Amino acid sequence: MANLKDNNWSSKLGFVLAASGSAVGLGNIWRFPYLVAENGGGTFIFLYFLCSLGIALAILLAEFTLGRMLGQNMFTAFNNKTGRFLLNGMPIVVSTTILSFYFVVCGWIVFYFVQSLTGQISYSTNDSEYYNLIFKSLLASPFILTLCTCIFIFLTIFINYKGVVQGVERTNLFLLPMLFIILIIMILRVLTLEGASEGVKYVFSFDYNYVTSKALMAALGQAFFSLSIGIGTMLIYSSYVKKDYNLKSSATYTVLIGSGIGIFTSLLIIPAVFAFNYDPNSGPGLTFITLPAVFANLKFGFIFAALLFLIMGMAAITSTISLVEAAVPALANLFKLTRKQAILCYAAICVVISTIQGLAFNKFSGFTIFGKNTFDFAGNFSDYLLTFGAFIVCIVVGWILPKAVAINEVTNNGTVPFKLVKVWLFILKYIAPSVIIIIVSNMIFKVL
Ligand code: PHE
């Protein structure tokens, strides 16, 4: 039976799917395919796997361990005011930074989904210039951007408001399998296209020349973002976990599902783009400009387009609810609110911040921070925040927490076998922090 009072997940599957839902998002469906296309196809997938399994998995497990150990008191761990303020302020700042641009992209998805379904985007021409204009006119229209973004915020908040089990867990239980089924159907259709096999070859190709430090950095950054590491989301989700759940297998499934969906999406998008000789290297515009042109070549292309935007929306909402979930307990604790009051306040914050972000493309386009508009800046800044968060997790579990305590928690007091426990701690203590320091230096170097 669901333990609603304590906000615990009602089942192990519920927890794994919620964590996977947080992982599977725009990072896997929108960003991953264009990173694959830009960084040498299969080579990038290989590097991404290396980073996911070699580093991100260890940090994710550390977050799960820490989250369950601290439980729902994690935000009251400090007695002094400054400590409390920092502890609660961090998740709010981090979630809000990510959501500020994430909700805007979700708004684009709402727009494209509705326009595709209602025939407003006709899919009768395969000239990408037509789709380019649609995208540009969307960005130039503050009202439509705000409206679509607010629709997505409303849907997200509605789920959070219903509660952890009734809202978050149920949504993931339903949406993730659905997403997977639709994805498979679409892949099967695309793979029957003439010329698609070239794209498949590219997705599985390996070329040493693409193993560059730039690709490695992109792979690691993508592994962190797409697995929701370092943000606090996974800490919160695991604070709802019961003591007898196997954290190690939950973390492994989450990584496999998260990275698997990214690879599946690449298998959908890249072969489709290859089959009709478009350029897969169109960066962030791949999904919103190139793909619609690709769909125009298919019979009933508008249905495929609508389905793609539907699965993007499904993936995105399972992530946005997790980001809201990370900010809400902190907000409630900081301002002594109930969960529901905190959710409503946070909804208002999201509306304001995302509206401002939507204006970054039109009314406020002249306003820049470090030469970037606020939308791009929030994207880059969140990379730093999550890397910093991941670093803190490594230090806390690898260096500060007594070894025996960490091992007891991760093995459920010795009842779950964990042969690689020493390797796990070694990665957390030495490898992951060193790699993070190298990436951050590289990121700062690039900024300069
Ligand atoms: N993992 C999500 C994605 O791939 C993004 C996210 C980051 C969600 C951090 C929650 C926390 O889109």
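All ligand and atom numbering here is 1-based and tracks the order in the structure. The first residue of the sequence shown is numbered 1, and numbering continues consecutively from there. If you're wondering where the values come from, they're calculated on a predicted model, not measured in any experiment.
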Return the set of residues passing side chain to side chain contact (heavy atoms under 4.5 Å, CB included) with S100 (not counting sequence neighbours), or none when no residue passes. I353, Q357, A378
Any N/O pair G27/ligand 1 closer than 3.5 Å: yes
For atom 12 (O) of ligand 1, what is the nearest protein heavy atom, given as residue, atom name and distance? Y102 OH, 2.5 Å
For atom 10 (C) of ligand 1, closest protein heavy-atom neighbour: S228 OG, 3.4 Å
Are any side-chain N or O atoms of Y237 and backbone N or O atoms of E325, one a donor and one an acceptor, separated by less than 3.5 Å? no
Atoms of ligand 1, numbered as shown, that sit under 4.0 Å from any heavy atom of S322: 10 (C)
Is the contact between F225 and ligand 1 made by the side chain, the backbone, both, or neither, using heavy atoms and a 4.0 Å cut-off? both
Identify, by atom number and element, the atoms of ligand 1 in contact range of T233, meaning under 4.0 Å from any of its heavy atoms. 10 (C), 11 (C)
With sequence neighbours excluded, tell me which residues meet side chain to side chain contact (heavy atoms under 4.5 Å, CB included) with V211. T43, L47, F206
For N28, the ligand 1 atoms with a heavy-atom partner under 4.0 Å come out as 3 (C), 4 (O)
Which ligand 1 atoms does L26 reach within 4.0 Å, using its non-hydrogen atoms? 3 (C), 12 (O)
Under 4.0 Å from a heavy atom of A23: which atoms of ligand 1 are those, numbered in the order shown and with their elements? 1 (N), 2 (C), 3 (C), 4 (O)
